[in-house]
Amino acid sequence: MEEEIMFDAEVKELEEKPVPKKKTLKEELLDWGKTLLFYCAVPLLIFQTFCFMASVPTGSMETTIPVGAQVFTTRSFIKSNVERGDIIVFDSEELGVVLIKRCIGLPGDKIEFDGSGSVYINGQRYYEDYVSSYSDFEGSFVVPNDHYFFVGDNRGGSLDARFWDYPYVHKDCIKGKARFIIFPFSSFGALE
C-alpha cells in the first residue's frame with residue numbers, strides 16, 4: 001500500500017510538470033541568429049576596432065618580416081606611444097599606400113646616415129641588430145614635431161623615408177603597431 005501511494009505521488013508530480021513546447025521554425029532561426037551574432041559579429045567588431053591584419057608585399061622588411069607575410073597589428077589610439085625600434089603600419093600620403101616600416105626617428109630627432117651603413121641619432125651611433133642589409137645612402141634629417149621617421153630593415157632594398165620627397169610621417173597617419181607574424185607559419189611569432 002505504501003508503494004502505491006508513492007507511485008501515485010510520482011504520477012501526480014509528472015502530471016503537474018509542464019511539457020516543454022516545441023519551438024517553431026521562426027523561434028529556432030531566431031535562436032540560431034542570436035548565436036551567430038554573438039560568436040561571429042561581436043568578435044568581428046572587436047577585431048575591426050582593436051586590431052587588423054597587414055600584408056607585406058615587398059622585401060623591405062626582410063629578414064624580420066618575409067615577403068607576403070600576414071602580420072597581426074594592434075590599432076594605435078594614443079599616437080604618441082610610438083617608440084624608436086617599433087614596427088609600425090601607417091598610411092603614406094606621398095605614395096598613397098599603407099606601409100609597414102621600423103620607426104627610428106621620433107619628433108625632434110636628428111638622424112644621420114653616414115654612407116657606410118651606420119646611423120647616428122642626435123649625434124650618437126644607433127646600433128640595429130635587425131638590419132639585414134646596408135646601403136651607401138648619405139644624408140641627414142630633422143624630424144618635425146608630431147612626425148616620425150620610418151625605414152625598412154632591409155636598408156639596401158627598401159624604398160623608405162630616406163628617398164621620399166617628404167620623409168616624415170604625421171602621427172595621425174599611424175594605423176597600428178605590428179605584433180606577430182601569422183603567416184607564413186614558418187615565420188610565425190612575435191615581432192621585436
Side-chain angles (χ1 to χ4, degrees), residues 51-76 79-192:
C51 53
F52 62 96
M53 297 298 288
S55 62
V56 182
T58 70
S60 67
M61 286 299 291
E62 285 186 322
T63 60
T64 307
I65 305 173
V67 176
Q70 295 293 315
V71 179
F72 177 81
T73 306
T74 54
R75 293 193 187 277
S76 292
K79 309 296 183 168
S80 59
N81 281 350
V82 173
E83 296 178 7
R84 188 176 292 112
D86 286 350
I87 299 174
I88 302 294
V89 177
F90 59 93
D91 286 317
S92 169
E93 292 178 338
E94 182 172 323
L95 302 176
V97 294
V98 175
L99 297 175
I100 182 167
K101 304 280 184 203
R102 192 174 297 267
C103 177
I104 66 164
L106 303 175
D109 282 348
K110 180 178 183 184
I111 302 162
E112 297 173 79
F113 295 88
D114 71 357
S116 71
S118 295
V119 177
Y120 294 84
I121 299 176
N122 302 322
Q124 299 289 319
R125 173 119 191 258
Y126 184 56
Y127 293 94
E128 305 170 284
D129 58 353
Y130 45 77
V131 173
S132 62
S133 72
Y134 296 96
S135 88
D136 58 0
F137 179 84
E138 252 183 278
S140 63
F141 304 87
V142 177
V143 185
N145 287 336
D146 295 331
H147 289 76
Y148 296 88
F149 188 86
F150 296 100
V151 291
D153 288 358
N154 179 8
R155 299 286 159 80
S158 178
L159 176 61
D160 52 40
R162 297 170 295 164
F163 306 105
W164 300 337
D165 290 336
Y166 189 74
Y168 313 107
V169 176
H170 192 272
K171 67 180 182 179
D172 291 343
C173 294
I174 293 171
K175 295 173 70 79
K177 181 176 179 181
R179 301 290 183 168
F180 296 94
I181 295 175
I182 301 296
F183 182 82
F185 299 120
S186 59
S187 298
F188 181 84
L191 289 168
E192 295 180 22

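Residues take their numbers from the sequence shown, with the count starting at 1. Please read all numbers here as calculations on a predicted model, not as lab measurements.
Applying the ring-ring contact (aromatic ring centres under 6.0 Å, His included) test to every pair with at least one member in residues 82-106, sequence neighbours left out, gives these pairs: Phe90-Phe150. Sorted by first then second residue, the salt bridge (charged side-chain N to carboxylate O under 4.0 Å, His left out) pairs that include residues 176-190, not counting sequence neighbours, are Asp86-Lys177. Screening residues 171-192 for ring-ring contact (aromatic ring centres under 6.0 Å, His included) gives Phe183-Phe185 as the qualifying pairs, with residues at least two apart or on separate chains. Contacts classified as salt bridge (charged side-chain N to carboxylate O under 4.0 Å, His left out) and involving residues 61-72 (residues at least two apart or in different chains) are not found.
Thr73 approaches Ala54 most closely through the heavy-atom pair OG1-CB, 3.9 Å. Closest approach of Val82 to Cys103, counting heavy atoms only: CG1-SG, 3.8 Å. When all heavy atoms of Ile100 and Ala178 are compared, the pair lying nearest together is CD1-CB, 3.7 Å. The heavy-atom pair separating Ser187 from Ile181 by the smallest distance is O-CB, 3.5 Å. Smallest separation of non-hydrogen atoms from Tyr134 and Glu128: OH-O, 4.3 Å.
Not a single side chain to side chain donor-acceptor pair (under 3.5 Å) links Arg75 to another residue, sequence neighbours left out. Here Phe72 pairs with nothing under the ring pair (Phe, Tyr, Trp, His ring centres under 6.0 Å) rule; sequence neighbours left out. Residues passing the side chain to side chain donor-acceptor pair (under 3.5 Å) test with Lys175, sequence neighbours excluded: none. The side-chain contact (heavy atoms from CB on, under 4.5 Å) check on Glu94 picks up Ser92, Trp164, Asp165, Tyr166, with sequence neighbours excluded. With sequence neighbours excluded, the residues satisfying side-chain contact (heavy atoms from CB on, under 4.5 Å) with Thr64 are Ile87, Arg102, Tyr130, Asp153, Leu191. Contacts of Ser116 classified as side-chain contact (heavy atoms from CB on, under 4.5 Å), with partners at least two apart in sequence or in another chain: Asp114, Ser118. Every residue was checked against the salt bridge (Lys or Arg N to Asp or Glu O under 4.0 Å) condition with Glu112, not counting sequence neighbours, and none meets it.
Within the model, atoms OG of Ser80 and CG of Leu106 stand 11.0 Å from one another, a figure rounded to the nearest 0.5 Å. For the atom pair CG of Asp146 and CG of Asp172, the computed distance is 8.0 Å after rounding to the nearest 0.5 Å.
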*I would like to know whether Tyr126 and Tyr120 meet side chain to side chain contact (heavy atoms under 4.5 Å, CB included); could you show each step before the answer?*
CA-CA 5 Å; Tyr126 184 56; Tyr120 294 84; over 6 Å; no
_Test side chain to side chain contact (heavy atoms under 4.5 Å, CB included) applied to His170 and Glu93, step by step_ = CA-CA 9 Å; His170 192 272; Glu93 292 178 338; 5.8 Å; no
*Could you walk me through whether Tyr148 and Ile174 pass the side chain to side chain contact (heavy atoms under 4.5 Å, CB included) test, one step at a time?*
CA-CA 9 Å; Tyr148 296 88; Ile174 293 171; 3.7 Å; yes
_Before you tell me yes or no, could you show the steps for Val169 and Lys101 under side chain to side chain contact (heavy atoms under 4.5 Å, CB included), namely the whole-Å CA-CA distance, both residues' side-chain angles and the distance that decides it to 0.1 Å?_
CA-CA 11 Å; Val169 176; Lys101 304 280 184 203; over 6 Å; no
*asked:* Walk me through whether Ser133 and Asn154 qualify under side-chain hydrogen bond (donor to acceptor under 3.5 Å, both in side chains).
replied: CA-CA 5 Å; Ser133 72; Asn154 179 8; 2.4 Å; yes
Side-chain atoms of residues 135-144: list all donor-acceptor pairs with protein atoms under 3.5 Å, sequence neighbours left out, distances to 0.1 Å.
{"from": "Ser135", "atom 1": "OG", "to": "Phe137", "atom 2": "N", "distance (Å)": "3.2"}
{"from": "Ser135", "atom 1": "OG", "to": "Arg162", "atom 2": "NH1", "distance (Å)": "2.9"}

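The environment of NZ in Lys110 is sparse: at most 12 heavy-atom neighbours from other residues, nucleotides or ligands sit within 6.0 Å.
Not a single donor-acceptor pair under 3.5 Å links the side chain of Asp109 to the backbone N or O of Ile121.
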